[in-house]
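The structure under discussion appears below in the form of structure tokens.
Every chain is numbered from 1 and lettered A, B, ... according to where its sequence line falls, protein lines coming before strand lines. Fair warning: this is a prediction, and the values are worked out from it, not measured in the lab.
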Amino acid sequence: MYIYADNAATTKPSQTAIDAMVSCLKEVYGNPSSLHSAGQKAAEVLYQARVDVAQAIGADFNEIYFTSGGSEADNQAIRSAALTGARRGKKHLVSTKIEHHAVLHTLDKLENEGFEVTLLEVGPDGIVKVEDVEKAIRPDTALVTIMYANNEIGTIQPITEIAALCREKKVVFHTDAVQAVGHLPINVHDQQIDMLSLSGHKFHGPRGVGALYVRKGIPLRNLIEGGAQERGKRAGTENLPAIVGMAAALKEAVANMEENSKTVTALRDRLIKGLSHIDHSRLNGDPVKRLPGNVNFVFEGIEGESLLLLLDDKGIAASSGSACTSGSLDPSHVLLSIGLPHEVAHGSLRLSLDESMTEEDIDYIVNAVPEVVAYLRDISPVWEDLVKGDKDYVIQ
Amino acid sequence: MLYSEKVMDHFRNPRNLGKMEDASGIGEVGNAKCGDIMKLYLKIDDQGVITDVKFNTFGCGSAIASTSMATEMIKGKTVQEALELSNKAVVEALDGLPSHKLHCSVLAEEAVKAAVKDFYDRNGIPYDEKTLAASDMAEHAHDESGLL
Ligand SMILES: Cc1ncc(COP(=O)(O)O)c(C=O)c1O
């Protein structure tokens with residue numbers, strides 16, 4: 001029995017993606033920049049992948065720039081918009097406290113470089129308020145960047161409303177949609193999104209490849225200088241097999257989205273229901289406005305890393321926002337942002353599902369988790385204090 | 001692998017796990033905010049020999065394994081010998097710990113010292129604070145990798 005429930009970290013490549021990559025490696029070896037027919041064949045394959053990725057999010061093919069992944073797309077979008085803003089005297093950036101580090105650390109760097117950054121709070125439900133975004137926007141705001149869906153607690157942000165607001169205020173809007181693309185219906189033109197980051201390995205494509213969508217008319221600056229690839233905006237000979245694999249996986253994910261979403265949402269809700277029976281536990285993030293595959297719980301009185309290791313022994317692959325799993329002193333910034341105290345945030349468990357899972361898998365998890373939680377509580381001095389009444393439960 | 005086989009063995013099959021009703025000394029160290037708490041119970045006879053040890057730990061795999069290893073290393077030893085247990089010896093016995101987990105072994109050493117101190121206090125035995133200070137403070141790592 002091995003249940004892979006860490007699809008938010010990365011997904012297993014689909015057969016379609018693997019086949020596309022292998023055939024590209026074998027047969028499409030030319031450099032897309034070369035004039036000979038091997039090169040031109042590669043250029044054609046690259047073009048088709050661009051069209052496929054564009055179509056999946058409602059963009060035009062010439063609005064797609066391939067990158068080395070979600071992190072690079074986030075870095076380039078944010079740096080580019082910040083620099084463009086700065087040239088016009090706009091040096092204020094707006095984001096949220098629950099972004100991925102690819103966004104937060106880029107903003108930290110820009111702050112050191114003289115930009116002013118406003119990081120909005122989210123509510124206990126893990127969702128940012130549109131009014132708060134509106135209040136934060138100033139005449140000198142160069143960029144609003146807010147993630148489409150959170151990687152830890154799965155909450156879906158009101159992106160359409162925020163994008164409309166930004167369009168009205170004439171502020172560039174970027175969204176890190178790494179967790180959303182291929183899982184939620186997205187149409188960048190209808191939704192008035194200016195820039196969007198996506199990553200191949202979150203929808204059964206390969207790792208180390210992603211894309212940045214930039215609406216026509218929005219200036220884009222380079223992160224990587226060199227050759228004229230990606231219309232001069234991202235140098236480096238294209239990782240064609242990865243790009244092709246990503247495009248194939250995304251096409252497939254979008255074609256099956258409705259069906260997959262139904263299946264996965266039902267599994268998710270079955271899992272949430274099953275785990276809710278554990279006392280002094282809580283679901284993190286909004287129960288409805290969340291990614292189809294995301295389940296995130298905290299269990300009071302235990303620590304997440306030991307929970308993960310014991311679940312792995314039972315054949316369940318999951319993740320946690322505890323400090324010990326991140327190698328840092330603090331538990332996840334996302335869990336702290338939704339108001340969990342440190343000692344409780346250490347006891348978090350993220351299970352992220354995909355459409356290959358079955359109800360039997362879910363029921364196995366629903367049986368295994370309470371056993372492990374009960375064992376760890378039994379050996380936990382923190383739990384002992386709570387049971388004795390020496391300390392009060394945070395989660396009732 | 002993050003952990004050695006020794007660490008995983010002590011994590012999966014902790015030695016001397018449990019609580020003790022009639023302990024001669026109890027030490028509790030760490031804090032829940034940082035994510036590890038160790039509670040160590042000692043049974044000490046008239047000769048000053050540690051005849052039994054029990055522990056409970058809230059924390060990661062290396063915290064549980066470090067406490068387990070420390071209990072094994074002091075069981076049957078005299079109190080004086082137990083006070084000589086260093087975090088380094090615990091790490092060596094575990095075939096190493098990742099650098100950002102070294103603080104777990106420091107906590108294990110501190111737990112032993114805290115339990116002995118409690119035993120001394122309960123029995124009005126005088127002691128030199130220095131012998132009860134931790135041998136080496138490993139720093140917590142500050143690397144922030146976060147969730148993917
Ligand atoms: C929300 C979010 N943004 C960015 C990234 C980074 O993407 P990549 O791993 O492709 O660099 C991830 C995942 O790793 C993510 O979940």
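Listed by sequence position, the residues of residues 117-125 of chain B in contact with chain A number zero, using a 4.5 angstrom heavy-atom cutoff. Annotation: residues 39-56 of chain B contacts chain A through B:Lys39, B:Tyr41, B:Asn56 [non-hydrogen atoms, separation under 4.5 Å].
A donor-acceptor distance shorter than 3.5 angstrom exists from the side chain of B:Arg15 to the backbone of B:Asn13, with no hydrogens or angles considered. Between the A:His204 side chain and the A:Thr11 main chain, no donor and acceptor come within less than 3.5 Å of each other.
Salt-bridge annotation for B:Lys33 and A:Asp330: absent, with no side-chain N of the basic residue lying under 4.0 Å from a carboxylate O of the acidic one.
In terms of non-hydrogen atom pairs under 4.5 Å with chain B, the most contact-rich of A:Leu376, A:Leu310, A:Asp378, A:Ile379 is A:Ile379. Taking A:Gly347, A:Ala102, A:Gly301, A:Pro341 one by one and counting their heavy-atom pairs under 4.5 Å with chain B, the maximum is reached by A:Gly301. Ranked by heavy-atom pairs under 4.5 Å with chain B, the list A:Val344, A:Val382, A:Val178, A:Val334 is led by A:Val382.
For B:Pro98, no part lies under 4.5 angstrom from a heavy atom of chain A. In this structure, chain B has a heavy atom under 4.5 Å from the side chain of A:Asp385, while its backbone stays farther away. Residue contact with chain B, scored on non-hydrogen atoms closer than 4.5 Å, is absent for A:Leu307. Only the side chain of B:Leu17 has a heavy atom closer than 4.5 Å to any heavy atom of chain A.
For the 3.5 Å distance criterion, the side chains of A:His346 and A:Ser322 fail to qualify, holding no donor opposite an acceptor. A donor atom on one side chain and an acceptor atom on the other are found under 3.5 Å apart for B:Asn87 and B:Ser105.
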